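To keep things clear, I will list the structure first and then write my remarks on it.
Remember, it's a predicted structure, so these values are computed and weren't measured experimentally. Note: hydrogens, waters and symmetry copies are ignored here, and every other heavy atom, side chains too, is used. Throughout, protein chains are lettered first and strands after them, A, B, ... in sequence-line order, and every chain is numbered starting at 1.
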Protein chains: 2
Amino acid sequence: MTKQTHSTEASINVFKALADPIRLAIIQYLSQHDQALSCGEIGQAMQISKTSGSYHFKILQEAGLITVRKVGREKFVKLDRVTFDHYLIHFWQNL
Amino acid sequence: MTKQTHSTEASINVFKALADPIRLAIIQYLSQHDQALSCGEIGQAMQISKTSGSYHFKILQEAGLITVRKVGREKFVKLDRVTFDHYLIHFWQNL
DNA sequence: TAAATAGTTCAAAAATATTTGAACTATTTA
DNA sequence: TAAATAGTTCAAATATTTTTGAACTATTTA
């Protein structure tokens with residue numbers, strides 16, 4: 001396409017991250033539990049393989065929708081509602 | 001994935017529709033002009049083929065992001081901000 | 001009625017995204 | 001130290017999305 005502003009590109013990453021049933025279910029799960037959960041626990045709840053989980057968490061993180069903290073050998077992820085709000089609630093202002 | 005509610009499925013269609021640079025540019029263009037514009041005019045502005053335009057307008061329409069009115073041989077499209085707001089601004093409430 | 005215009009449909013090609021399994025790193029536990 | 005656990009990486013396979021061009025429908029204009 002024609003050239004995009006930085007924020008348009010970032011918006012697309014956010015929308016792409018949200019445009020998948022597994023990732024939306026992960027977000028839903030995180031929203032309902034409202035605390036940092038391990039990738040393993042979430043992956044089990046979603047019934048996906050570790051590899052697939054790793055792939056999806058990376059996309060969510062790169063979009064800025066989750067934050068990640070490593071504790072020992074586990075990775076805990078948490079919803080980043082600030083990014084969510086910035087790109088979704090105030091989307092019109094970026095147009 | 002596990003089963004999705006109706007509204008989750010609709011959300012995914014909205015996010016998928018937004019997860020593409022051409023469609024985001026169309027939305028941007030419509031937002032800036034704030035009136036119904038013909039598919040042809042928009043397609044020219046985006047520098048895409050008629051076929052590609054037809055494909056993208058269909059996805060936007062099926063997601064409910066635009067409304068379409070046929071006048072003679074032309075199709076005029078307009079942003080549907082109600083859908084947009086419903087799925088994006090109130091997204092959290094559907095989680 | 002013939003030609004032009006706006007848009008659609010179809011199937012094939014190309015591009016992207018997702019899944020899979022095996023091998024890997026890092027950390028913890030026995 | 002060995003075994004187990006949590007997660008990553010890679011390349012190949014699969015699935016999905018997007019583009020392309022040709023043929024099509026519907027409508028308008030000459």
What is the distance, rounded to the nearest whole Å, between atom [atom1] of [X] and atom [atom2] of [N]?
| X | N | atom1 | atom2 | answer |
| --- | --- | --- | --- | --- |
| B:L60 | C:dT8 | CG | P | 12 Å |
| B:E62 | C:dT8 | CD | P | 12 Å |
| A:E74 | C:dT29 | CD | C1' | 13 Å |
| A:I59 | C:dT16 | CD1 | C1' | 11 Å |
| A:F76 | D:dG7 | CZ | C1' | 12 Å |
| A:L37 | D:dG7 | CG | C1' | 16 Å |
| B:D20 | D:dT16 | CG | C1' | 13 Å |
| A:I26 | C:dT18 | CD1 | C1' | 13 Å |

Legend entry - First encountered from the 5' end of DNA chain C, between A:G72 and A:S49: A:S49
Inset, instruction - Would you kindly compare A:Y55 and A:K70 by the position of their nearest DNA chain C nucleotide and give the one closer to the 5′ end? - result: A:Y55
Inset, instruction - Report yes if the side chains of B:Q32 and B:I27 come closer than 4.5 Å at any heavy-atom pair, otherwise no. - result: no
Look through every strand shown and name the nucleotide pairing with [N] as Watson-Crick or G-U wobble, where both distances are under 3.5 Å.
| N | result |
| --- | --- |
| D:dT29 | C:dA2 |
| D:dT14 | C:dA17 |
| C:dA11 | D:dT20 |

Legend entry - Donor-acceptor under 3.5 Å (B:H86 side chain, B:V82 main chain): no
Legend entry - Donor-acceptor contact below 3.5 Å, side chain A:T83 vs main chain A:L65: no
When you measure from the side-chain N and O atoms of [X] to the phosphate of [N], is any distance below 4.0 Å, counting only OP1 and OP2?
| X | N | answer |
| --- | --- | --- |
| B:R23 | D:dT18 | yes |
| A:S52 | C:dT19 | yes |
| A:H56 | C:dT19 | yes |
| B:K58 | C:dT8 | no |

Inset, instruction - Report yes or no: is there a donor-acceptor pair, N or O only, under 3.5 Å between the side chain of A:K75 and the base of D:dG7? - result: no
Name the atoms and distances for all side-chain donor-acceptor pairs under 3.5 Å in residues 48-61 of chain B, with sequence neighbours left out.
from, atom 1, to, atom 2, distance (Å)
B:S49, OG, B:S52, N, 3.1
B:H56, ND1, B:R23, NH1, 3.0

Legend entry - Nearest-0.5 Å distance that lies between atom CD in B:E62 and atom NZ in B:K16: 12.0 Å
Legend entry - Nucleotide nearest B:R73 (side chain, heavy atoms from C-beta), chosen from C:dT18, D:dT28, D:dG7: D:dT28
Inset, instruction - Counting heavy atoms from C-beta on, name the nucleotide in C:dG21, D:dG7, C:dT19 closest to the side chain of A:I22. - result: C:dT19
